[in-house]
Structure formats: structure tokens, C-alpha cells
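Only one structure is covered here, and it is reproduced in the block below.
In listed order, ligands and their atoms are each counted from 1.
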Amino acid sequence: MSTTDLRDDGRAIEPGYAIDVQKLNKRFGDKHVVNDVSLRVAHGEIFGFLGPNGSGKTTSIRMMCGLLTPDSGSGTCLGYDIRRDSEQIKRNVGYMTQRFSYWEDLTIRENLDFVARIYEMPNRREAVDRALESLGLASRASQLTGALSGGWKQRLALAACMLHEPKLLLLDEPTAGVDPNARRDFWEELHRLAARGISVLVSTHYMDEAERCHKLAYIAYGKLLAQGSAADIIASQDLQTWAIHGEQLTALSTQLRAMPGVDQTVVFGSVLHASGRDHAALAAAIERVSAGRSLRTERIGTGLEDVFIYLMSHVADNYGAAS
Ligand SMILES: Nc1ncnc2c1ncn2[C@@H]1O[C@H](COP(=O)(O)OP(=O)(O)OP(=O)(O)O)[C@@H](O)[C@H]1O
């Protein structure tokens, strides 16, 4: 192995990819739910899967882990063929679905033991102890699950899918409805797992979580619109963005959107973002609307959310034009 095969923390990277799928397609009736999706997740990488509701994330994840057969396309998950080797994939992957269920009147330990029994795991006690320890649940092992906060319940769900020590975790919106502190703790846990070489594919609607991923993919109407690091995705759209602070931002937003150079306006609380690809025309539009008004304007770095909104609005246009 050459020195280039080492990560930042000096650990060796396993060759190949944890997930490597090409041109996956799935239709349900006349709905083309997943359309030519190709993606690669490297070992030890946290890969974020973003997109609006119903865009095909869960369906893609289910195809990648062998639970659903694609209509066409191919690929591997942990080196196993997603069409042929679904049994091996299931044994080696930890899949946290959107609706993890547990028994409220059992303790954390009893819930984990129950899951271990269902999967007929050998050395059950040892596996449960290991999962409790590695997810920081040991001191709460005998607490009743029903009394736990949302964040701890999610941690229990993660422990349950870590029982068999998978090398890859597929997490479908694991922090939906969880408060910001608990989400931050959960993500610190994911980074600890990744540092141990575990790969993670995680779907989310939260931008702060997207920013914590090593790589991202954005999907809409079943099509992958962008893939790469957050910086790559932002750079790929070549948008320039201005922040505008002042009064009556909604009216200003409408006015700006009609001006040349302004491709998009979004109000984020008390700030209006105006973005566009024609940087000179955008700057001229900002100057014109601010003349004679008490607005504060500044050029800011385009954010991931600006880019995702932009991608989404453009694919919607294409979709409409195509049908
Ligand atoms: N078994 C099925 N039969 C028919 N349609 C389905 C089936 N599973 C999913 N769909 C449809 O496929 C589309 C994509 O669904 P999917 O659950 O993959 O999206 P998603 O991106 O995970 O959404 P969300 O963010 O809401 O979880 C939706 O329109 C959904 O209604």
C-alpha cells in the first residue's frame, strides 16, 4: 500500500468502495422513482443523501442494500452484488429505517437483547454489552425506553443496528424530530464510528447535518443532480450570493426576482439572499434596488441551502418541460 492510501488520521483506507452502484432505476407503476442513480461511498466516509420528500432516497437505499431489486442498473455493497447477494449484504449492513420500533416498557438492554434474539445472534450478551458501551448507553442500560428523550431513542436505534458490528450503516433520516443538541451528539457519534472505518450513508433534510458529511448527493424527482463534497457542489453551480438586511424583505424579494441577473431569492428569517450566475448583472440589480433605501447589502459565500434550492427549482422546470 502506498502512502497515498492513508487517511488524515494515518489509518489505512480499504481499497474499493463500501457502495458502488451504477445507473439504478426503479419505477412504481408509471412513476419513475429512481432514475439512473450512480453513486460511490468510500470506506470510512460519511455520505449524506439529500432531497425533498418523495424524491427517491429510501427507494435508492433499499436497492443498495439488496432489499429491493432495481428494474435496471447494477452495483456492489461491501463488495457483494446488490442483485445476487442480498443475504450477505443484510448480514453485513446496519440499516436504520425511518420507523425504528422498540418496546416502551422494556429497558434499553432488554430492547437490544430482543433484537439480538430475533437475529439469532451468537454471544448475545457480549454483543449487547459491546453495543451499549460503544454508543455510550451503558450507564442507562436499565432505563425504561418509554421514558427516554428522542435523542436517546435514536441512539438506541443506532445501537440496535450496530449489534452485529456492520462495516456499513444505512441511516434513513435518523434524526427526524430530534432536538438540535441531541442531533449534534448523534453526529459526533457518527464521526467516531467513521473514524473507526465504518462507512455511513445517511439521508437527512437538515442543512447543518449535510455540512458535516464528507460527501453529499442531492436527488430530486429520482435524479441525482449533484454529488461531491459540499465545497464541490457549491462551486459546481457558480452562483454568487448577496445578503440583504432591511425592512419589507418579501416585497423586495418579489421585485428582485423580476430583475435581470437575479436567478433566485430566498428569505432566511431577517435576511434575504439573492443569487445568480451572471455576477455583474446580479451586482447591478442589488445596487439598483438599494438606491435610496436603508438596506444593508453584502456579498456572502453561497451556502449549500442556496444551491439545493437552486437545483430543485431548475429540475422542476426541466421536469415540466419534458412532460
Ligand atoms: N412500494 C411502493 N409502491 C409505490 N410507490 C412507492 C413505493 N415506495 C415508494 N413509492 C413512491 O416513490 C416515491 C419515492 O419515495 P421514497 O420513499 O423513496 O422517497 P424519499 O426521498 O425517501 O422521501 P422522504 O424524504 O419523504 O422519506 C414516492 O412518490 C413514493 O410515494
Side-chain angles (χ1 to χ4, degrees), residues 18-19 21-41 46-75 77 82-83 86 89-90 93-101 150 153-154 157-158 161 168-180 183 186-187 190 199-213 215-228 230 233 304-305 307-320 322-323:
I19 297 177
V21 293
Q22 296 90 36
K23 289 187 168 284
L24 295 185
N25 280 280
K26 190 74 193 174
R27 288 174 189 270
F28 289 120
D30 58 0
K31 245 188 191 168
H32 200 162
V33 169
V34 174
N35 191 337
D36 272 346
V37 166
S38 303
L39 60 82
R40 282 177 163 167
V41 178
I46 302 182
F47 190 102
F49 207 13
L50 283 100
N53 290 125
S55 53
K57 299 181 295 295
T58 303
T59 308
S60 301
I61 291 173
R62 296 184 70 217
M63 288 193 284
M64 288 177 217
C65 65
L67 283 175
L68 188 68
T69 309
D71 296 340
S72 63
S74 60
C77 183
I82 58 166
R83 289 171 171 278
S86 65
I89 295 175
K90 275 183 240 167
V93 163
Y95 180 28
M96 185 168 156
T97 60
Q98 278 181 18
R99 279 178 220 87
F100 170 74
S101 46
K153 283 179 183 156
Q154 291 312 91
L158 188 58
C161 67
L168 169 66
L169 289 172
L170 301 172
L171 310 176
D172 201 352
E173 293 184 36
T175 56
V178 173
D179 75 51
R183 290 201 293 114
F186 189 90
W187 272 80
L190 290 189
S199 317
V200 181
L201 175 77
V202 51
S203 72
T204 177
H205 289 288
Y206 296 110
M207 281 310 125
D208 59 322
E209 295 188 349
E211 279 158 8
R212 303 191 71 171
C213 296
K215 293 267 174 60
L216 297 166
Y218 186 81
I219 185 170
Y221 300 106
K223 287 187 186 161
L224 266 197
L225 302 183
Q227 190 173 169
I233 291 178
L304 258 185
E305 193 157 14
V307 170
F308 289 153
I309 293 169
Y310 181 78
L311 285 169
M312 183 59 206
S313 60
H314 283 71
V315 75
D317 286 346
N318 294 342
Y319 208 67
S323 59

**Q.** For ligand 1, the residues whose heavy atoms come within less than 4.0 Å (ordered by chain, then number)
**A.** F28, K31, V33, P52, N53, G54, S55, G56, K57, T58, T59, Q98, E173, H205
For [X], give me all partners under side-chain contact (heavy atoms from CB on, under 4.5 Å), at least two apart in sequence or on another chain.
| X | result |
| --- | --- |
| R40 | Y17, D20 |
| K26 | F28, V34, T59, M63, L68, D71 |
| N25 | H32, N35, D36, S72 |

Q: Using a strict 4.0 Å threshold on nitrogen-to-oxygen distance, state whether R183 and D208 make a salt bridge.
A: yes
(Q) If the test is side chain to side chain contact (heavy atoms under 4.5 Å, CB included), which one of Q154, E209, H205 qualifies with T175? (A) E209
Q: Start with the C-alpha gap between L24 and I82, add the side-chain angles, then the distance that decides, and say whether side chain to side chain contact (heavy atoms under 4.5 Å, CB included) holds.
A: CA-CA 11 Å; L24 295 185; I82 58 166; 3.7 Å; yes
